[in-house]
Amino acid sequence: ADTVVFRLKSPTGVFPYLVSQTTYQAIIQPASIAANPGSWVASGMIGTGAFRLKKYVDKKSAELVRHDAYWGGRPPLDGVKVTFYQGTAPMVLALRAGQIDLASQLSTQEAAPFKGKSKFKHYSLPTAGHRQFCMRTDQGVLKDPRVRRAVALTIDRPAQIEKILLGAGTIGNDNPFWRGFDSTDRSTKQRTQNIALARALLKAAGAENLKFTLTTWQFADHTDHAASIQAYAREAGIDVGIEVMDVSKYYDSEPAGADYATTTPWLNRTATLTEYGARGVPNIYLTRAYMSTGDWNASHYNNPEFYSVAKTFLAASDLASQRKATKRMAGLLLRDTPVVTDYFISYVTASSSKVKGYVVEGLSHVRLAKVSLG
């Protein structure tokens with residue numbers, strides 16, 4: 001009577017991970033709400049968590065109260081007040097001023113002043129979270145893979161980690177296969193900065209005067225990251241402009257009410273820089289951001305061979321098969337370079353010293369069921 005049976009559309013070797021806490025889209029909803037995307041919050045957010053929604057103001061705030069029937073035991077806090085900010089800078093100021101007790105996620109630079117201070121706590125956790133610098137593979141000046149490889153070759157990855165993340169990260173090789181994943185093959189040669197080769201590729205592609213705009217939003221390390229890409233590209237004669245939006249414009253349809261998939265900036269601009277949270281396995285990165293059917297495929301990447309290998313990986317349940325597939329996919333992505341991932345981030349944030357029992361997670365979940373204020 002207490003058994004739940006999942007009938008999958010296709011084989012999935014690591015299915016338990018996909019219904020774990022690392023998949024925030026896995027909320028179980030009444031069918032009537034699930035059939036109407038975007039209605040879950042307005043419906044009252046019926047769930048099984050430690051707190052119940054009392055009041056919600058779109059893009060501004062939320063107020064929650066203790067759920068006394070919570071399966072995990074009575075939460076110490078009476079309730080939680082959440083404030084939504086346009087970027088992290090005002091959140092830092094609010095934490096400093098004592099207006100909030102916990103900031104959900106900060107850049108390493110923003111969190112640094114809280115480190116070692118008696119009034120605050122500093123948290124850091126290595127994760128599979130990363131940034132995707134996506135380049136349109138289907139149109140425009142970045143359509144030629146030689147051009148995209150040239151852009152990737154301008155970047156000094158170790159310097160990125162030291163300058164932007166202050167050391168709180170691990171090097172990336174233009175794929176989503178973090179070294180912390182058991183399934184990641186570690187034999188793929190690391191891409192390094194090579195300005196001469198970048199210039200040669202641009203010349204071969206007839207793109208010596210390459211110019212494009214990189215679009216992102218005001219979040220954590222994004223603006224510093226975009227500026228560094230701009231500076232590195234300049235060394236190879238590439239002119240990269242930067243467009244920084246607020247979060248609503250970046251992730252909303254353009255204009256409001258238009259078809260989302262074909263108009264939202266983060267999926268349709270020539271090049272974009274977007275944050276991806278940590279996962280227990282790389283599956284959702286592949287299915288949503290790299291496979292041709294993915295709804296987060298900002299590069300519009302469409303490679304049948306990659307798609308086939310990805311499906312093999314998704315179905316594999318043994319590490320040997322998974323690693324064989326990640327090696328092949330990593331090679332294809334280095335060749336095609338639809339996405340540049342120059343580093344994986346450590347999750348960094350801060351709180352008031354009054355916060356007790358808080359545990360950081362790479363996906364920006366804020367779990368407060370066991371948290372108290374001392």
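Remember, it's a predicted structure, so these values are computed and weren't measured experimentally.
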Chemist: Test your reading of the model: is there a side-chain donor-acceptor pair from Arg149 to the backbone of Arg335, 3.5 Å cut-off?
Modeler: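 Judged by distance alone, yes, a pair lies under 3.5 Å.
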Chemist: Checking side chain to side chain donor-acceptor pair (under 3.5 Å) against Tyr301, which of Thr137, Asp138, Asp336 comes through?
Modeler: Asp336
Chemist: Identify which one of Val65, Leu368, Val82 satisfies the side chain to side chain contact (heavy atoms under 4.5 Å, CB included) criterion when paired with Phe51.
Modeler: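 With Phe51 as partner, side chain to side chain contact (heavy atoms under 4.5 Å, CB included) holds for just one option, Leu368.
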Chemist: ring-ring contact (aromatic ring centres under 6.0 Å, His included): which pairs involve residues 114-139, sequence neighbours left out?
Modeler: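 Found Phe114-Phe120, Tyr123-Tyr358, His130-Tyr276, His130-Tyr285, His130-Phe344.
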Chemist: Is it true that Glu63 and Lys54 make a salt bridge, defined as a side-chain N closer than 4.0 Å to a carboxylate O?
Modeler: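 Salt bridge between Glu63 and Lys54, a charged N being under 4.0 Å from a carboxylate O: yes.
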Chemist: Consider only side-chain N and O atoms of Thr213 and Glu243, and report whether a donor and an acceptor are under 3.5 Å apart.
Modeler: no
Chemist: Counting neighbours of NZ on Lys121 that are heavy atoms of other residues, nucleotides or ligands and sit closer than 6.0 Å, is the number greater than 12?
Modeler: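 Yes, NZ of Lys121 has more than 12 neighbouring heavy atoms, counting only those of other groups under 6.0 Å.
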Chemist: We want to know whether Asn194 and Thr192 form a side-chain donor-acceptor pair, criterion being a heavy-atom distance below 3.5 angstrom.
Modeler: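 On atom types as modelled, these side chains do not qualify, holding no pair under 3.5 Å.
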Chemist: Any chance you could lay out the side-chain hydrogen bond (donor to acceptor under 3.5 Å, both in side chains) test for Arg191 and Thr337, step after step, and finish with the verdict?
Modeler: CA-CA 11 Å; Arg191 174 171 274 166; Thr337 315; 3.2 Å; yes
Chemist: Is it the case that the side chain of Glu208 and the backbone of Ile238 share a donor-acceptor pair, with hydrogens and angles ignored and the cut-off at 3.5 Å?
Modeler: no
Chemist: In the hydrophobic clustering that connects Ile, Leu, Val, Met, Phe, Trp and Tyr at side-chain heavy-atom distances below 4.5 Å, which members other than Tyr70 occupy its cluster, ordered by chain and number?
Modeler: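 Traced through the cluster, Tyr70 reaches Trp71.
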Chemist: Counting heavy atoms not belonging to Lys356, are there more than 12 under 6.0 Å from its NZ?
Modeler: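 It does: Lys356 NZ has more than 12 such atoms within range.
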Chemist: Do other residues, nucleotides or ligands put more than 12 heavy atoms under 6.0 Å from the CG atom of Asp295?
Modeler: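 It does: Asp295 CG has more than 12 such atoms within range.
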Chemist: Applying ring pair (Phe, Tyr, Trp, His ring centres under 6.0 Å), can you list everything that pairs with Tyr232, at least two apart in sequence or on another chain?
Modeler: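 Listed in chain order: nothing, the list is empty.
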Chemist: With a 6.0 Å cut-off (strictly less than), is the heavy-atom count around CZ of Phe181, excluding the residue itself, greater than 12?
Modeler: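 Check passes, neighbour count above 12.
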